[in-house]
**Student:** 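Once you've had a glance at the structure underneath, I'll fire off some questions.
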Amino acid sequence: MSTTSSDSAGASGRAVAGAVGIAGAPTDQGSGKGIAWLGEGSQLFILSVLGIGAFVLLMMLLSFVSEMFGGGGAGEAVDPGTGTITLALSTEPPQLDSTRATDMVSGQILGHVMEGLVRYDEFNRIVPGVAERWEIDESEAVFHLRDDSRWSDGTPVTAHDFVFAWRTAVEPETASEYAFILYPIKNARAVNEGDLPVTALGATAVDDHTLAVQLERPIGYFDKLVAFPTYYPIKQDFYEGRDGRYGADPEDLLYNGPFAIERWVHGAQLRMTRNDEYWARDRIHLNAIDYAYITSDVNATLNLFKDGKVAIASLDAETLHDALEQRWKLERFNDGSVFFIEFNHRPERLTHNRNLRKAIQLVVDPAELVYKVIKLPGNTPGESLFPVWLKGVNGYFRQEYPAPEHRVDIARAHDYLTRARQELGLDPLPPLIFLSGDNPAANKQSEYFQEVFASRLGLEVKIDRQIFKQRLAKMTAGEFDMVLAGWGPDYADPLTFGDLFASWNKNNRGAYVNPELDAWVEVAQSSLVPEERMQAFDEIQKIIYDDAVILPNYERGSVFVRNPRLKGVVRRAVGTDPDYTGAYIADG
Amino acid sequence: MNTALSFAPVVAERDVEVISRPSLSYWRDAWIRLKANRRALVSLYIVIALGVFTVFGPLFVPSASIQDLDQISSPPGADRSAFIVPPYVPWSGVTVNVRDAQGPLEAPGSMTLVGEATTQAVRMFWDPVPGAHGYRVYRNIAHPAPDDALGMPLADVLNPSRVSFEDRLDIKPGEYFYSVVPLDMNGVEAPVYTTLDVRAIRVITADEAVKRGLAESVADLAVGDEVKLKLHVLGTDYLGRDMLSRLMHGARVSLFIGIVAPFLFILVGILYGSAAGFVGGRVDQVLMRFADFVVALPFLLFMILFRILFKIEGGDSGIAPMLIAMVILSWPAAARLVRGQILQIREEGYISASRLLGAKTPYLVLRHMIPNTMGVILVTITFAVPSAIFTEAFLSFIGMGVAPPTPSWGSMCNEGLKTMLTHPHELIFPALFISITVLAFNLLGDGLRDALDARMRSQE
């Protein structure tokens, strides 16, 4: 003991002496100001060496501490021993009640832990889920449920569970934002608006395994519709026993899907394990999916991927170059949504004027936006409200009915602008309010458009940046002239886009009213002849361009990297995305 | 009589006390001492240079919002030569009749570049693969061999008879490796590919060149001519805007806040502090407790409240509420300092003397007290300037400052941070300007404190 302490004292003594020696050295040479300057210099040198040393020590300490406490106990990205994959989730689902879920993350989790009447397979075809087979005609759809579909408590999934879930969703008290997706069911709209009791909903359980649905009108895509999360079943006893907490925590949810939530630490982790009660459990290879990180930071997720902590990471335009230099194989995915500038068509707004909208339309170049500003492969320049992946009569809708040709024409734009000024009696026009999201991508795009309008048209634009919720509130209240908006498909039919600007649609936030367009939407909704419906969508496509209802910007794509050992992950535009139910870990 | 002689006046001996050195006023002395301090002097020059940069700079550079989309995120000193090409016309592509075949898919026999590879577009076609239902096109910045690193997928060509692709995505001058992989009926890639190596050259259309001021008229330019793109001394940002121009315009905002806010709140502080100090007693107690109360108010919360109060919507500049919030919340420090000085000076002998000679209160305050606190006040201002610049930078960084397209150094840092790893110059320049400005004002303040403090003079 004593030797150790004397040793260390000696060492520190030497160190001090050395330091004094260096600082003192210049004093012996020269005199006057030079000394002070040199002395100051070497002092500065020692101080900076000490400072840098301390900084390095601090960094080492911090990384040590973060290794001790960080990570949430997550293991490797893919662990073949336990059959576990580790992933990052962009945000936490607000809750997992399928009747009230609206966001994509909720849809992604629900798609793994629940199963509807039908589901999508790896080639995006509709295949049987809880329903073994079904018949749909003009006025009724009958689903025959399989016997071996069970809840995670072992009880069978029955037709009553579907009836209960659908009634809950359309009940006015539930205030489900997605109640409208049930409107094809008879009386659903009337029930939702409080005109009829909830028992009037046209869905009945003929017996435990037969579900009969009366339809409001003939509908050609009802089988695709019932794959949507709002159509998932809920067990009545369980729901009522949860006392309003249904879907808030893992124990407040009953599962009938391939996975069940084992642990949910709010804001930090969500872990799903294989549901052994699931009827097709042989199809599931993974034992657990561990969302060990909840972060929307692209850089952070990419660093986790580099360290082998997560199996999948998305890239943005800034991280793309880095990924190429790592010689990773990148994958690209079009998530099916369309982004556009939506005009405010309320009569009190300047953008109500068609000539002004046409002028703006003629200076916007989606190709320039996508290729020079967004710069991310996978995004394609927007040409129409209807994205390219939608199916038409035989092939793709957009190949059968090409979008109206668009070309930038600044001279014509100025003609329109002059007419708009005369009609509005305003010269110059007051600044237009351009509502935009508050994230790096939206900032970049809005500033690009601001300059495009200023330099090509001389229009002044004020950018109003708002977070998603606030932006939605402002859109609903109509406090904007133009807004950067987007729409993702709910089901695989062009109508999910086609009815967006119908005068009765709650998501028509620009309040566009056009009886002609409404008429075509009604044709598309009620007709069962594919040619007639596609013709109607083509008319809608033309009206949207001719009247400059919106200006399509791009169809969103994303680029991501995947751990090469993780296979069978399905990305899809409609339905659960990404879907890990069929994923497996390949031998490395 | 001899009275006059007897009482001859003594001639004043004027040379007894001679001021052998020139008389120095307080300010002149301070200036001499400041000049002796090298760091302070350099800082002073930097501050003056910044002033010139801010006031006159924007007169000589283009507007800060012009977007040069041909030179996005280009670093300083990037190569600028470009060739004139005709305007872009859509390409119909190459379609062939394909025969169906069974068996594993093979790699396309060869890939061919159509025309020249330019930054406008790179067009290519390949030999059809029998049995393929589509093709996926990849692009990389290095050769895929040996580990099959194909790079980034550009597009899926889902029409089997279409064997061409046109790439327009953010092409920079340089070498690219395009690879084509055939897809089977389920859209699954075959494990084969063919690679095409191209070198893209920078091009610009004649119209663009005239618009950007690179030539007088389209007639002066022929296809194939080489032109130099517009010079951006410090490079461009993520939308191709000139960094130098943005820094100059940003300096106007940053320095405006940095100088006007301290000036205003110190003025308030002087009035408040001298009133408290001069009147003294119970009034002083009450006034200073109120100042303590103001110190306790949170700045950021006030800033947000002011934005609401002034109905600052997104799209409006947040500079006015920022200024008001700073003035309302930052004066107590100056007030305390001035009050302390006044309390001290009030008891000095020359004040009593002046009062005995009949000086009124305003005269006492304005002639004797304020000038004697001037040194302290000046030093406070120079130290308040950097902190105000920091506050503005911070608020703009979190998006509560200027509205786009107006730049400020803080908002430029915020934008540059996102591209820090790929285009560091977008962050380094504004950060450097903030650092240098703050350092210069701090060192200048340091020097001023030494130069203006009379007590330190006596120590020498």
Side-chain angles (χ1 to χ4, degrees), chain A residues 37 122-123 299 315-334 367-368 370-381 388 395-396 399 431 433-436 438 440 443-444 446-448 450-452 454-455 461-466 470 474 479 557 559, chain B residues 38 63 65-67 69-70 72-73 88 90 119-121 136-142 144 146-156 158-159 167-171 185-189 211 237-241 313-317 399 403-405 411 414-415 417-423:
Chain A
W37 183 246
E122 62 264 45
F123 303 116
N299 274 315
L315 302 171
D316 59 13
E318 273 67 48
T319 47
L320 199 59
H321 192 79
D322 186 19
L324 287 179
E325 282 184 343
Q326 300 274 348
R327 297 184 70 78
W328 287 331
K329 187 169 188 304
L330 312 190
E331 287 170 69
R332 167 185 160 277
F333 165 68
N334 190 316
E368 188 177 74
V370 168
Y371 295 135
K372 297 227 166 138
V373 179
I374 301 178
K375 301 194 287 193
L376 201 59
N379 291 296
T380 41
V388 288
Y396 289 101
Q399 282 176 6
I433 306 293
F434 194 93
L435 190 57
S436 129
D438 193 14
N443 289 350
K444 206 165 157 178
S446 53
E447 282 181 46
Y448 161 75
Q450 186 180 41
E451 174 63 11
V452 164
S455 63
V461 160
K462 274 188 181 179
I463 298 172
D464 186 1
R465 288 174 181 167
Q466 299 292 346
Q470 192 61 28
K474 282 199 152 188
E479 291 168 15
V559 181
Chain B
R38 199 140 48 135
S63 154
S65 58
I66 291 177
Q67 297 173 358
L69 293 179
D70 294 314
I72 283 180
S73 291
Y88 172 80
T119 51
Q120 192 182 52
R136 185 166 293 157
V137 186
Y138 284 87
R139 185 176 94 187
N140 205 345
I141 48 174
D147 52 348
D148 296 350
L150 298 178
M152 59 181 188
L154 290 173
D156 287 0
L158 287 178
N159 183 352
D167 179 26
R168 293 177 68 199
L169 180 81
D170 185 32
I171 304 166
M185 56 181 296
N186 289 321
V188 178
E189 287 181 16
K211 213 173 90 189
D237 74 353
Y238 62 102
L239 280 173
R241 297 176 290 201
E313 290 284 307
D316 296 324
S317 168
S411 66
N414 185 16
E415 288 150 4
L417 192 62
K418 287 152 208 155
T419 56
M420 187 173 70
L421 292 176
T422 42
H423 310 294

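Chain letters run A, B, ... following the sequence lines, proteins first, then strands; residues in each count from 1. Being a predicted model, the structure only gives us computed values, none of them experimental.
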**Student:** Please assess A:K375 against B:I72 for the test side chain to side chain contact (heavy atoms under 4.5 Å, CB included), listing each intermediate value before the final yes or no.
**Tutor:** CA-CA 11 Å; A:K375 301 194 287 193; B:I72 283 180; 3.6 Å; yes
**Student:** What part of B:D156 lies closer than 4.5 angstrom to a heavy atom of chain A: side chain, backbone, both or neither?
**Tutor:**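 Interface part for B:D156: both.
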**Student:** Identify which part of A:F123 has an atom lying under 4.5 Å from any heavy atom of chain B, answering side chain, backbone, both or neither.
**Tutor:** side chain
**Student:** Quick check: closest heavy atoms across B:A142 and A:R327, and the distance to 0.1 Å?
**Tutor:** CB-NH1, 3.6 Å
**Student:** With a 4.5 angstrom heavy-atom cut-off, which part of B:T422 approaches chain A: side chain, backbone, both or neither?
**Tutor:** side chain
**Student:** Counting only heavy atoms closer than 4.5 Å, note whether B:R241 contacts chain A via side chain, backbone, both or neither.
**Tutor:** side chain
**Student:** Given heavy-atom pairs under 4.5 angstrom as the criterion, report whether the side chain, backbone, both or neither of A:A317 touches chain B.
**Tutor:**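 Neither; nothing under 4.5 Å.
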**Student:** Find the distance between OG1 (A:T380) and CG (B:L169) and round it off to the nearest 0.5 Å.
**Tutor:**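 Those atoms lie 11.0 Å apart.
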**Student:** For B:L239, is it the side chain, the backbone, both, or neither that has a heavy atom closer than 4.5 Å to a heavy atom of chain A?
**Tutor:** side chain
**Student:** In a check of side-chain contact (heavy atoms from CB on, under 4.5 Å) between B:M152 and each of A:L324, A:L376, A:L315, which one passes?
**Tutor:**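 It is A:L324, the one option of A:L324, A:L376, A:L315 that forms the side-chain contact (heavy atoms from CB on, under 4.5 Å) with B:M152.
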**Student:** What part of B:L69 is in contact with chain A, defined as an atom under 4.5 angstrom from a non-hydrogen atom: side chain, backbone, both or neither?
**Tutor:**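 Contact with chain A is through both the backbone and side chain of B:L69.
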**Student:** Below 4.5 Å, heavy-atom pairs only: which of B:P144, B:P153, B:A149 has the largest tally toward chain A?
**Tutor:**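 Top count of heavy-atom pairs under 4.5 Å with chain A: B:P153.
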**Student:** Check the pair B:E415, A:N443 against side chain to side chain contact (heavy atoms under 4.5 Å, CB included), reporting the backbone distance first and the verdict last.
**Tutor:** CA-CA 9 Å; B:E415 288 150 4; A:N443 289 350; over 6 Å; no
**Student:** CG/B:N140 to NZ/A:K329 distance, rounded to the nearest 0.5 angstrom?
**Tutor:** 11.5 Å
**Student:** Using non-hydrogen atoms only, which part of B:I171 is less than 4.5 Å away from chain A: side chain, backbone, both, or neither?
**Tutor:**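 For B:I171, neither part sits under 4.5 Å from chain A.
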**Student:** Heavy atoms only: give me the nearest B:L158-A:Y396 pair and the separation to one decimal.
**Tutor:** CD1-OH, 3.9 Å
**Student:** In Å, rounded to the nearest 0.5 Å, how long is the span from CG of B:D167 to OH of A:Y371?
**Tutor:**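 So the CG of B:D167 and the OH of A:Y371 are separated by 8.0 Å.
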**Student:** In terms of heavy-atom pairs under 4.5 Å with chain B, which of A:Q450, A:Q326, A:Q399, A:H321 leads?
**Tutor:**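 Highest number of pairs under 4.5 Å: A:Q450.
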